[in-house]
Amino acid sequence: MASDQQGSGTAGAALLKERYEIDPTQRLPDLDMPQAEAYHCEDRRGSGRSLYALLCRADMPLRVGAMRSLKGVQVPGLLTLVEYGIVDWLPGQRRQMAVVYERPSGGRVLPRPGQRFDAIPEAQFIKRVMKPIIQALQEMSQRGVVHRAVRLDNLFWHDQTKERLVLGDCVTAPPGYNNHVVYEPLYFAMANPEGRGQGYSKDDLYSLGICFLGLLTGRDPAHGWEDNDVIRAKLAQSTYASFASDNRVPLNLIEVMRGVLCDDYKERWDLENVDLWMNGRCLSPLQPKPPKRAQRPFKFEGVDYFTCRELAHAMASSWDAALSPILDGRVEVWLRRGMEDNETADAISVAVRLSQSGSEAKSGGDYTVARVLILLDPAAPLRYRELRVTLDGFGAALAAVMMQKKQIRLYAEVLARDLAKNWIDAQGIYSPELGHFENQFKDLTANLQTQMIGWGMERCVYELNEHLHCQSPLIEKEYVSEIRELLPALDRVSLKIDPKTKPVDRHIAAYIGCKWERDTKVQFRVLNENSSDRQILGMVSLLAVLQWRLGPPALHGLAGWIGAQLAPIIAGYHGRMRRKELEKEVPKLVRKGSLPELYNLLDNQEERQRDNDGFAWAKAEYAAADQQCRALEAGKLVRDEQAEMIGQQAAAVLSVFVAIVTVCIVLFMRIM
């Protein structure tokens with residue numbers, strides 16, 4: 001995504017893609033989303049369209065992939081996403097994601113929670129509501145996008161005549177994050193909002209069915225309902241029985257309402273079924289099968305429960321109280337006698353025994369409760385104390401917690417204890433999707449167990465969130481969402497950072513490791529060595545590789561930042577002359593802004609070998625001199641001098657004797 005500059009038209013305005021000018025002084029609160037503020041927006045090219053921009057929260061994972069797929073899509077029933085990207089946002093003194101939409105002139109269907117509005121007549125319902133929105137969902141489905149923000153307060157009238165409804169924004173928060181649990185199928189309703197996952201088009205149809213109830217009655221179906229009461233109602237009865245039976249659904253719409261509000265995902269209508277129905281095809285939705293009820297209730301905290309799902313939900317809501325009836329065998333006995341379900345009872349017996357042996361026995365029972373809840377209700381999200389996520393929503397939930405500086409301990413424990421594998425095994429079926437999740441969580445566990453810089457939970461969050469911007473405190477405000485933006489961001493912040501701070505922390509290392517997998521194995525190995533000079537050298541090498549491959553050609557600020565930390569590397573050379581040469585050459589390369597040249601200077605193998613050889617020779621000379629000093633101190637040096645004198649005298653006598661013999665031989669030869 002291109003970097004954006006401040007606009008020149010309005011003072012303080014932000015310019016997106018050098019075209020769309022966002023005015024921070026013109027708020028549009030009527031168009032706000034729960035996680036994004038709306039502002040007036042102008043197209044500098046004068047397209048004539050009425051636009052507005054949503055400034056997204058910086059501490060919330062966004063659906064950038066959906067932005068990419070929906071950009072420019074014009075279809076009845078969907079608000080047109082015109083553009084998106086990063087802007088320099090002066091009010092927040094940081095860079096933020098902005099999304100530009102065409103402005104609906106008819107306003108929201110539900111301006112405020114609980115407010116009554118004009119119901120849509122039955123005769124106009126299919127034309128004004130169903131056709132445009134179903135067409136929008138079909139278009140999104142073809143592009144591989146699920147809306148997951150279908151609710152009354154996110155429906156807008158396209159124009160002031162209020163003849164056509166359009167779906168609003170769905171990219172400024174995780175899937176389903178802002179939906180009241182009334183709008184969510186049961187398996188999503190029981191999850192934390194940030195951990196619900198993307199889901200499928202059938203889940204959008206379920207939410208749309210709840211919207212249909214509101215549009216037919218002129219009131220919000222979610223008004224007055226507490227989350228836990230909604231979940232209990234859906235567990236005890238079907239969604240249709242809980243919310244549609246008292247709302248006087250017109251006879252001609254009962255069929256489609258039963259189809260889209262079916263709690264059984266396999267039996268719920270899909271887009272093709274709804275399209276066939278709108279074209280006159282009669283379909284008979286299957287009646288939901290009531291859950292198996294026990295012959296005798298299980299009493300938990302003073303309340304009687306007759307189904308496994310209701311009991312599992314109650315235990316998940318009172319986590320600490322759930323351990324006692326599990327360990328003393330009451331749950332197992334109830335399953336055998338009350339539910340006549342020996343298979344589940346046997347599985348729970350084995351799970352309790354295994355979870356209470358070895359190291360897991362020290363976990364305080366959390367692992368035991370989690371495994372039992374999975375067996376009692378395999379269709380529910382993965383639950384571990386306050387953590388409730390679908391496998392698909394684990395990544396967004398982890399990102400939200402990390403971005404908001406909350407505790408990630410529960411996420412680490414879920415990975416360390418392989419609870420995802422337990423959940424997958426409890427499904428009793430194999431599918432490619434479950435196989436994908438099994439492999440994915442296996443890799444995440446391996447990353448977590450590798451505590452070296454570049455791995456750990458930081459690596460997990462980037463592996464799970466392709467478009468998450470780097471969360472390093474050093475550059476988080478720079479909103480680095482692509483690897484090529486990393487070095488320029490470090491260069492920009494270099495003047496604001498304490499020079500003693502290392503430019504590569506655990507987040508930056510993990511971000512590089514995830515986004516740039518080639519040419520860095522050696523650098524990461526050196527970066528994780530024990531000596532400080534080797535760690536710094538590995539850091540310089542890692543950043544130098546990025547500049548060599550991605551640019552820019554000069555990074556003066558970052559080079560100066562790194563230059564202030566090179567003392568351990570320079571001190572690693574033994575020769576004083578070499579150290580002086582480095583101290584003289586480093587500032588020149590810092591001013592040049594070239595990290596590859598700086599690295600080549602610091603880690604010149606020929607110079608290092610020459611330095612090591614010289615140091616070895618110097619050590620040998622020193623050892624010889626030291627030995628001589630020791631000999632002198634011990635008095636051995638005098639005896640050595642006397643021996644040398646005697647040797648010299650013997651050599652002289654021998655030389656004279658040899659000379660006389662030689663002369664004699666010569667004379668004898670002449671006489672002969």
Side-chain angles (χ1 to χ4, degrees), residues 186-187 189-192 195 227-237 263-264 289-391 410 413-414 416-429:
L186 192 54
Y187 42 85
M190 290 191 284
N192 301 134
D227 289 359
N228 195 50
D229 293 337
V230 172
I231 295 172
R232 292 176 62 183
K234 291 183 178 182
L235 285 170
Q237 309 176 66
D263 291 293
D264 187 344
K289 297 178 181 179
K292 183 178 180 180
R293 294 179 64 83
Q295 298 176 0
R296 66 178 82 177
F298 185 94
K299 188 176 290 292
F300 179 69
E301 293 196 314
V303 180
D304 290 339
Y305 297 97
F306 287 87
T307 67
C308 291
R309 300 199 75 184
E310 290 178 293
L311 177 61
H313 175 69
M315 286 184 164
S317 302
S318 300
W319 191 271
D320 293 324
L323 184 61
S324 177
I326 291 174
L327 293 183
D328 64 20
R330 280 183 284 160
V331 172
E332 181 186 345
V333 171
W334 176 71
L335 286 169
R336 296 187 189 280
R337 298 179 180 177
M339 295 293 295
E340 297 181 351
D341 187 352
N342 291 326
E343 182 179 354
T344 303
D346 291 340
I348 286 178
S349 176
V350 172
V352 171
R353 186 171 64 256
L354 293 177
S355 63
Q356 288 296 303
S357 62
S359 60
E360 296 297 346
K362 302 177 182 179
S363 66
D366 292 337
Y367 180 64
T368 303
V369 175
R371 290 202 62 179
V372 170
L373 295 186
I374 289 173
L375 294 170
L376 283 175
D377 187 5
L382 194 158
R383 295 175 284 201
Y384 187 80
R385 295 203 68 85
E386 296 82 18
L387 175 62
R388 290 154 174 75
V389 294
T390 65
L391 299 191
L410 296 181
E413 291 182 5
V414 165
R417 291 170 179 169
D418 211 7
L419 281 172
K421 180 66 164 58
N422 297 138
W423 188 91
I424 292 170
D425 291 342
Q427 303 311 303
I429 58 172

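The main-chain N or O of Ala380 is found under 3.5 Å from a side-chain atom of Trp423 such that the two form a donor-acceptor pair. Between the side chain of Ser317 and the backbone N or O of His313, at least one donor-acceptor pair lies under 3.5 Å. Side-chain atoms of Arg388 come within 3.5 Å of backbone atoms of Arg385 as a donor-acceptor pair (strictly under, hydrogens ignored).
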request  = Kindly determine whether Leu373 and Met315 satisfy side-chain contact (heavy atoms from CB on, under 4.5 Å), including the steps that lead there.
outcome  = CA-CA 8 Å; Leu373 295 186; Met315 286 184 164; 3.7 Å; yes
Candidate pair Leu419 and Asn422, rule side-chain contact (heavy atoms from CB on, under 4.5 Å), full reasoning = CA-CA 5 Å; Leu419 281 172; Asn422 297 138; 3.7 Å; yes
request  = Starting from the C-alpha separation in whole Å, work towards a yes-or-no answer on side-chain contact (heavy atoms from CB on, under 4.5 Å) for Arg383 and Asp377.
outcome  = CA-CA 10 Å; Arg383 295 175 284 201; Asp377 187 5; 3.8 Å; yes
ask   = Does the side-chain contact (heavy atoms from CB on, under 4.5 Å) test come out yes or no for Ile424 and Leu391, once each step is laid out?
value = CA-CA 9 Å; Ile424 292 170; Leu391 299 191; 3.8 Å; yes
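Taking both residues in full, the closest heavy atoms of Pro297 and Phe306 are given as CB-CZ, 3.6 Å, listed atom of the first, atom of the second, then distance. Heavy-atom minimum distance, Leu376 versus Cys308: O-CB, 3.4 Å. Of all heavy-atom pairs between Arg293 and Thr307, the closest is CG-CG2, 4.0 Å. Nearest heavy atom pair, residue Phe300 against residue Ala321, reads CE1-O, 3.6 Å. In terms of heavy-atom proximity, Pro381 sits nearest to Thr390 at CB-N, 4.2 Å. Scanning both residues, Ala191 and Gly195, for their nearest heavy atoms gives CB-O, 4.0 Å.
Annotation: ring-ring contact (aromatic ring centres under 6.0 Å, His included) contacts of Trp334 (sequence neighbours excluded): Phe298.
Note that CG of Asp366 is 8.0 Å distant from CG of Leu410, once rounded to the nearest 0.5 Å. From Met190, atom CE reaches atom CG of Leu235 across 6.0 Å, with rounding to the nearest 0.5 Å. Within the model, atoms OH of Tyr384 and CD1 of Ile374 stand 11.5 Å from one another, a figure rounded to the nearest 0.5 Å. Here the CD-CG distance, from Glu332 to Asp346, works out to 7.0 Å after rounding to the nearest 0.5 Å. Here CG of Asp263 is found 7.5 Å from NZ of Lys234. Values are rounded to the nearest 0.5 Å. A distance of 9.0 Å separates CD of Gln427 from CG of Asp425, quoted to the nearest 0.5 Å.
The number of heavy atoms from other shown groups lying within 6.0 Å of CZ (Arg337) does not exceed 12. Within 6.0 Å of the CZ atom in Arg336, the count of heavy atoms belonging to other residues, nucleotides or ligands exceeds 12.
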